[in-house]
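Supplied in structure tokens, the structure appears directly below.
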Amino acid sequence: MTIGDKDFFDSIWISVQQANHFYPSASFYIYDWGLTNSQRTRLKEIVNVDEIIKWDDHVKVSSIERFSLLRRAKSHIYKYLPIEYADPEEIENARQREQNYAQKPFCLLDCLRRSGSRLIYLDGDAFLVNQINDLLQREFDIGVTLRRQDEIINKRNQCQVLNAGVIFFNGYVAHTEAFLKNWIRRIESTYEYLAEQTALTRLIEDECPGIFDNYYNKGVLNLSSFNIKVQVFPCEKYNFNWIEEGVDTDSTNIVHFKGGRHSNVERFHSLLNEIDISIPKR
């Protein structure tokens, strides 16, 4: 499953093709946040695309709205003081981004109800470069990807532990549903930057202290009367996003052109040549 708008068409198209190459019997669900009609038509032509779901009515998360309101109030007060603070336009842009990020678990919950099966979530700029059988054969319900150790920061308003651009839901549907509902509830009570990603981290670490100390650590979350098994995987292998360093396609399974890195045309096309895939002509 993936999400994205017209600016992510190229990487979504590649993601669908790569999924079909490695797992031809798997269905692919695309949540349309602003694809063009021609892009939707072209994606529907690919055999493994099960559904393209228009996601027009975004769920408004109240905690994000209140956090933004508090920031606007501070901005108004601080303009009379010798204190630098974000301007109203910057705060509004941040609010919109936060609401967009927070749609992820809602889309996942919707997709779970449509598919009734295990799910792999990929951001619109992430795709497979190798099969992931070694991971899928492990026994876990929720798989998350941990950043490099020297990148991890775990402070209030600066929670950079996990990268939520790739998530694996490998267990029973009931376990996935319980996890997603609890993640949503945690977002709704989180008043920090990057509420979606922060809530995911806090939800897991509160029940499993120390789980993020090492890759491949395991833990159990007791959520909604279920014992949900969580495992931590390295971004290095399953969510590689240091594109500027070059991609070792022998040791990497999933790449992620996060932060607009897919707009780096030279690097993007270099990788496509390595994995022998090309973008269709417009």
Side-chain angles (χ1 to χ4, degrees), residues 1-58 100-101 103-133 135-136 164-170 173 176 238-241 243 247 249 252-282:
M1 175 206 146
T2 193
I3 57 179
D5 61 17
K6 59 184 178 63
D7 294 329
F8 289 82
F9 171 75
D10 286 351
S11 51
I12 289 174
W13 191 91
I14 292 163
S15 188
V16 174
Q17 295 287 357
Q18 289 295 94
N20 188 44
H21 172 68
F22 292 113
Y23 300 100
S25 63
S27 297
F28 208 106
Y29 294 81
I30 301 169
Y31 279 74
D32 175 5
W33 287 12
L35 296 168
T36 67
N37 289 334
S38 64
Q39 288 172 343
R40 287 171 61 89
T41 299
R42 290 162 74 187
L43 289 167
K44 284 179 180 177
E45 292 171 352
I46 306 174
V47 65
N48 60 327
V49 174
D50 198 85
E51 284 190 77
I52 300 177
I53 302 100
K54 288 282 284 182
W55 195 257
D56 293 328
D57 298 324
H58 285 201
N100 283 339
Y101 296 152
Q103 298 307 299
K104 188 181 299 180
F106 292 100
C107 290
L108 278 161
L109 196 55
D110 181 82
C111 189
L112 182 70
R113 290 164 180 163
R114 292 171 189 269
S115 67
S117 66
R118 298 187 298 174
L119 291 174
I120 298 170
Y121 171 78
L122 302 170
D123 267 359
D125 47 7
F127 51 85
L128 294 167
V129 292
N130 279 305
Q131 53 81 17
I132 52 171
N133 293 343
L135 181 146
L136 297 177
V166 177
I167 310 174
F168 306 97
F169 301 92
N170 198 45
V173 169
T176 299
Y238 298 106
N239 191 354
F240 186 87
N241 55 83
I243 306 301
V247 179
T249 54
T252 304
N253 295 72
I254 299 173
V255 296
H256 185 186
F257 281 75
K258 72 166 194 168
R261 285 177 171 86
H262 61 292
S263 61
N264 184 330
V265 177
E266 183 179 349
R267 182 67 70 183
F268 190 63
H269 285 275
S270 173
L271 176 60
L272 298 189
N273 288 334
E274 285 187 58
I275 62 177
D276 193 26
I277 192 168
S278 59
I279 300 169
K281 294 180 179 178
R282 286 173 169 76

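None of these values were measured; they are calculated from a predicted model.
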key: Test item: W33 and N100 side chains (from C-beta on) under 4.5 Å apart, heavy atoms   = yes
Student check: side-chain heavy atoms of F9 and T36 closer than 4.5 Å = no
ask   = Is any side-chain heavy atom of N133 less than 4.5 Å from a side-chain heavy atom of F22?
value = no
key: Beyond-backbone contact of Y23 with L136, side-chain heavy atoms, under 4.5 angstrom   = yes
inquiry  = Counting only heavy atoms from other residues, nucleotides and ligands, does the tally under 6.0 Å from CG of D56 exceed 12?
reply    = yes
query = So, does Y29 use its side chain to make a donor-acceptor pair with the main chain of L119 at under 3.5 Å?
reply = no
key: Within-4.5 Å side-chain heavy-atom neighbours: N130 and N253   = yes
query = Could you give the distance from CE (M1) to CD1 (I167), rounded to the nearest 0.5 Å?
reply = 9.5 Å
key: Non-hydrogen side-chain atoms of V129 and F240 separated by less than 4.5 Å   = no
key: Atom pair CG (L43) and CD1 (I30), whose distance is rounded to the nearest 0.5 Å   = 4.5 Å
query = Is any side-chain N of the basic residue among D123 and K258 closer than 4.0 Å to the acidic one's carboxylate O?
reply = no
task = May I ask you to test the S11-F257 pair for a side-chain heavy-atom distance under 4.5 Å?
result = no
